[in-house]
Amino acid sequence: MIYLKAFIVGGIICAITQIFIDKTKLMPGRIMVGLVVIGTILGAFGWYEHLIDFAGAGAGVPLASFGNGLWKGVKEAVDKEGFIGIFMGGFKAGAVGISGALIFGYLASLVFKPKMKE
């Protein structure tokens, strides 16, 4: 049943995102930033954790989950460090994901032959 929940919730998130890509003039980068902001807002209200508990990877993998992770990092850093935690919490929370994307992107560029579009 968890696979079905993950498929449905992840599919709904992807379908809504695809509708925004197809039906608006927003650039994909702005839509992705919007997903991160939505995840941050839902995390701040404590709703995104309930969605992850319900749907598992269906809610934990999409980009909105990155925003939720940033929120959790900032919240923990503010509780521990005070005001300065606003600036350092997001960096600590996002460092692993961003580093992984850079490392695996670089490794993929070594394996495959990237070409510029003409």
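Note that these values count all heavy atoms, side chains included, but never hydrogens, waters or copies made by symmetry. The first residue in the sequence is number 1, and the count goes up from there.
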Inset, instruction - Rounded to the nearest 0.5 Å, what's the gap from CG on L51 to NZ on K5? Could you check? - result: 11.5 Å
Inset, instruction - Would you name the heavy atoms of Y48 and I13 that are closest together and state the gap between them? - result: OH-CD1, 4.5 Å
Legend entry - Criterion side chain to side chain contact (heavy atoms under 4.5 Å, CB included) against N68, the qualifying member of I41, V36, I52, I38: I52
Inset, instruction - Identify the heavy atoms of A93 and G73 that sit nearest to each other, and give their distance. - result: CB-CA, 3.7 Å
Inset, instruction - Nearest 0.5 Å please: distance from the CZ atom of F66 over to the CD1 atom of I98. - result: 4.5 Å
Inset, instruction - Look at the side-chain heavy atoms of Ile, Leu, Val, Met, Phe, Trp and Tyr, link any pair under 4.5 Å apart, and say whether F45 and V37 land in one connected group. - result: yes
Inset, instruction - Verify the neighbour count for atom CE of M88: are there more than 12 heavy atoms of other residues, nucleotides or ligands below 6.0 Å? - result: yes
Inset, instruction - Specify the closest pair of heavy atoms between A77 and G89, including all atoms of both residues, with the distance to one decimal. - result: CB-CA, 3.5 Å
Inset, instruction - In plain terms, say whether K92 and E76 are close enough for a salt bridge, that is, a side-chain N and a carboxylate O under 4.0 Å apart. - result: no
Inset, instruction - Measure from the ring center of F87 to the ring center of F83 and say whether it is less than 6.0 Å. - result: yes
Legend entry - CG on L35 to CD1 on I16, rounded to 0.5 Å: 9.5 Å
Legend entry - I12 with M1, same ILVMFWY side-chain cluster at under 4.5 Å: yes
Inset, instruction - Look up atom CZ in F112 and atom CG in L107, then write down how far apart they are to the nearest 0.5 Å. - result: 11.0 Å
Legend entry - Check: S65 side chain, V61 main-chain N or O, donor-acceptor pair, under 3.5 Å: no
Inset, instruction - Mind listing the closest non-hydrogen atom pair of G90 and V74 along with its distance? - result: N-CG2, 3.4 Å
Inset, instruction - Taking W71 for its side chain and G43 for its backbone only, find out whether a donor-acceptor pair lies under 3.5 Å. - result: yes
Legend entry - Distance, nearest 0.5 Å, that separates CE of M27 from CD1 of I21: 10.5 Å
Inset, instruction - Supply the atom-to-atom distance L63 CG to C14 SG, rounded to the nearest 0.5 angstrom. - result: 10.5 Å
